[in-house]
Amino acid sequence: MNIQNHFSDTALLSLAELKMRLEQDCKLDARKQREMISAINTTAKWLNLPAEMIPASATFLRGKFQEIHPAHHHVTKRRVQNIKSLILSAMRSQGLSTKLGSYLAKMSPPWLKLWDIIEGEQYYRTEFSRFFRYCSKQEIAPSAISDQVLADYLQALEAESFVKTPKVRQQSICRLWNKCSELYQSQGWPQIKVTVPCYETRRYALDDDQLPPALLRELDAYLTSLSGTDPFNMQVKAFRPRSIKTIEGHFKRYISALHHQGVDLFGFSSLEALVTKEMFQLAMRWFWDRNGEQTSKHIGEIAWTIRCYATKHLMADEETRAFYAGAMKRLRVSQDGLSDKNQRAMAQFDDPKTVERFLSLPPTLWEALSSSEKLGSSDRIRRKKRLLVQSAVAIEILIFAPMRLKNLQEIRLDEHIAWQNERLHIHIPSDQVKNHLALDFLLPESVSKRVKRYIDTWRPFLASDHNPYLFPGRAGKPKDSTCLRRQIETTLWNEGGIRLTPHQFRHAAAKILLDARPGHYEVVRKILGHKTLTTTYSHYAGAETQAALNLYDEVIIQKKGKKKIIIINNKDKLKNISLILFSLIIFFWCHGFDKYY
C-alpha cells in the first residue's frame with residue numbers, strides 16, 4: 001500500500017510511515033511502542049488530517065502544535081506536552097532526529113562543570129539546558145564554541161524540536177554565553193565571545209538619520225498643516241494625532257521603498273519630486289514584488305497617502321489625478337464587511353462551547369486566583385498572578401463594554417468611573433472617542449464587584465499611590481498599549497484557547513448578539529457606539545448567516561426524518577418577518593437600489 005504523503009516534501013516520511021516503522025521495530029520496548037503509536041494517532045485526530053498527509057517533520061509540526069490548545073480537545077496541558085514529547089521520541093527512535101538529545105540526555109563532564117557554575121541561576125539553566133546537551137551529544141567542547149556552532153544549533157532546533165521561537169532561543173543563548181564569560185571568568189568559563197544574530201529581515205523603513213533633512217522638514221510641514229493648528233489653513237479638516245502619526249509612517253515607508261529601488265534620496269530637496277508618476281510606480285513596484293506580486297491593505301493605504309499628498313496638497317492637474325485614480329483601483333483593497341482575518345477570528349464563536357468558554361473566562365480566572373496572595377513563594381509568581389487578575393478585569397470590561405483599546409487603556413479612576421447602586425458606570429467623553437460619540441456603559445453588579453475588588457486589593461500592588469489609571473503603567477502613565485494588548489491576547493489563548501485581539505472584542509460582541517438576536521443591528525450600533533446604522537450594517541451584514549444556516553439545517557433534518565416541524569406562534573412569526581424586512585431595507589439603503597433594479 002502506498003502511504004506516501006504527496007502534499008509534502010517527498011524526501012520526508014509521513015506520520016503513517018513513521019507509525020509503520022514503529023510497528024515493525026522489534027527492538028522497542030512494547031509499552032513505549034504503544035505510547036508512540038498512540039501519540040501519532042492522537043496527533044492526526046487533533047490536526048483533523050490523515051496520518052498519510054502529515055510530514056514527520058518538526059518544522060511542519062511546530063506550527064501545527066502552536067494552534068492546538070488543551071481546551072479544544074478537552075485534555076490537560078500535560079497531555080499535550082506528553083504527545084509532543086512522544087512524537088519527538090518516535091522520530092529519534094527511527095533516526096529522523098539525530099542531533100538534539102532528549103531532556104534526559106546526560107551532559108559530558110566539561111559541560112557539567114559549567115552547569116555547576118550556574119547553580120542557583122534558574123533562568124540561565126533553563127536557557128542553556130538543551131544547548132549543553134546538544135553540544136555533549138555532538139562532542140563539542142566548551143572551548144570550541146563559535147558562531148558556526150550556534151548556527152548549527154539553530155538548524156537542529158528548527159529541524160528537530162517543537163520550540164516555538166528557535167531564533168529567539170538561539171539569540172538568548174548567545175547573550176547569556178557572553179554574559180557568563182564575564183561573570184564567571186575566574187571560575188573557568190571559556191573566554192569566547194559569540195555574535196548575537198539579528199533576524200529583522202522584514203524591517204525595511206529607514207531611520208530619520210538616514211533621510212535627507214530637507215525632506216524631513218517638508219514632511220513635518222505637511223503634517224503640521226494636517227493637524228489644523230494653523231487657523232488660516234482652510235484647505236483640510238484637522239486630523240487626529242494618531243492619524244497624523246500613521247500618515248508620517250506611510251510616507252517614510254514610501255521614501256524607504258524608493259531607497260531600496262536604488263534612488264539616491266539625497267539628490268532630492270522636495271517631496272514633490274518623489275510623488276511623480278514614475279517615482280510612484282517605482283516605489284509601488286517594490287512593495288508589490290516584496291508581497292509576492294500582489295497588493296495588500298497596507299500597501300493600498302501607503303498608496304492612498306501618497307495620492308492624497310500629490311492630488312490634494314499639491315493641487316495636481318487632471319492627468320495626474322486620473323493616473324492616481326487608476327492606480328488606486330489596482331492597489332487599494334476593497335473590503336465589504338469584516339476582513340478575512342476578522343472572519344477567521346469570529347469563526348471561533350460558531351461553536352457554542354467557545355462562546356461559553358469566552359464569557360466565563362474572567363470569573364473562572366478570579367475563582368482560581370481568589371486566594372493568590374496566600375500562594376506562591378516568589379515575587380515573580382505573585383506578580384504573574386496579579387497580572388492575571390488585571391487581565392481578567394480588562395477582558396471582562398471589554399466583554400460588557402466593547403470599547404477601543406485606547407479608551408480602555410486610558411480609563412482613569414478620577415475621571416471615567418462612577419458608582420451607581422454598587423454598579424460600575426464607565427463614561428468616556430466624546431472628545432476622547434474616535435468618532436466623537438460619548439460612550440456610557442453600566443456594568444452588571446457581579447462584574448462591578450470584581451472590578452472594585454481589583455481596584456481595592458490588587459491594583460495597589462501594580463501602581464504607585466499617585467497613578468490615576470485603572471491599568472497603571474510607569475511614571476504616572478497608563479500601561480503601554482502594546483503591553484496591555486499582548487497581556488490580553490496571551491491570557492485569552494493560554495487560559496481559554498481563544499485567539500482574539502482587544503479590538504476584535506467589538507466584532508465578537510456583534511456576532512454573539514446577532515447570532516442570538518438576528519436583525520438587531522440598532523442594538524449593535526448602540527453598544528459599539530457607531531454614529532449611523534449604515535456603519536454597523538456595512539460591517540456586520542450577514543454576521544448571523546451561520547445562525548440562519550443552522551436553522552435551515554434543522555428544517556432539512558426534520559423534513560428528512562419526517563418529523564413534525566414545530567410551528568412558531570403568530571406573534572413570533574410576525575416578529576421574525578419584521579426583522580427580515582428591516583434587514584432587507586437597511587441592506588438596499590446601504591448598497592443602493594440601482595444595483596438590483
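Keep in mind that this is a model prediction, so the values were computed, not measured.
- Scored by the ring pair (Phe, Tyr, Trp, His ring centres under 6.0 Å) test, Y454 finds no partners at all (sequence neighbours excluded).
- Distance alone, capped at 3.5 Å, is enough to place a donor-acceptor pair between the S256 side chain and the L206 backbone.
- Judged purely by atom type and a 3.5 angstrom limit, R62 uses its side chain to pair as donor or acceptor with the backbone of E158.
- Between the side chain of R79 and the backbone N or O of V75 there is no donor-acceptor pair closer than 3.5 Å.
- Less than 6.0 angstrom separates the ring centroid of H72 from the ring centroid of W493.
- Seen from the ring of F471, K479 does not count as a face-on cation partner, given the 6.0 Å and 45° thresholds.
- F60 has its ring centre no less than 6.0 Å from the ring centre of F65.
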Chi angles and distances behind the side-chain contact (heavy atoms from CB on, under 4.5 Å) call for T501, I488: CA-CA 8 Å; T501 67; I488 292 170; over 6 Å; no
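- Judged by distance alone, with hydrogens and angles left aside, the side-chain atoms of Q348 form a donor-acceptor pair with the main-chain N or O of A345 at under 3.5 Å.
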Does R412 form a salt bridge (charged side-chain N to carboxylate O under 4.0 Å, His left out) with D414? I'd like the steps, not just the answer. CA-CA 5 Å; R412 293 174 60 111; D414 58 349; 2.9 Å; yes
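- Remark: the backbone N or O of V194 is not paired with any side-chain donor or acceptor of D147 at under 3.5 angstrom.
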Can you give the donor-acceptor pairs under 3.5 Å from side chains of residues 111-124 to other protein atoms, not counting sequence neighbours?
from : atom 1 : to   : atom 2 : distance (Å)
W111 : NE1    : I140 : O      : 2.7
Y123 : OH     : S172 : OG     : 3.3
Y124 : OH     : K179 : NZ     : 3.3

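- Under 3.5 Å, the side chains of D152 and Q148 contain a donor-acceptor pair of N or O atoms.
- Applying the salt bridge (Lys or Arg N to Asp or Glu O under 4.0 Å) definition to pairs two or more places apart or across chains, those involving residues 484-499 are E67-R499.
- Between H507 and H503, the distance from one ring center to the other falls under 6.0 angstrom.
- Remark: R21 does not engage E17 in a salt bridge, criterion side-chain N to carboxylate O under 4.0 Å.
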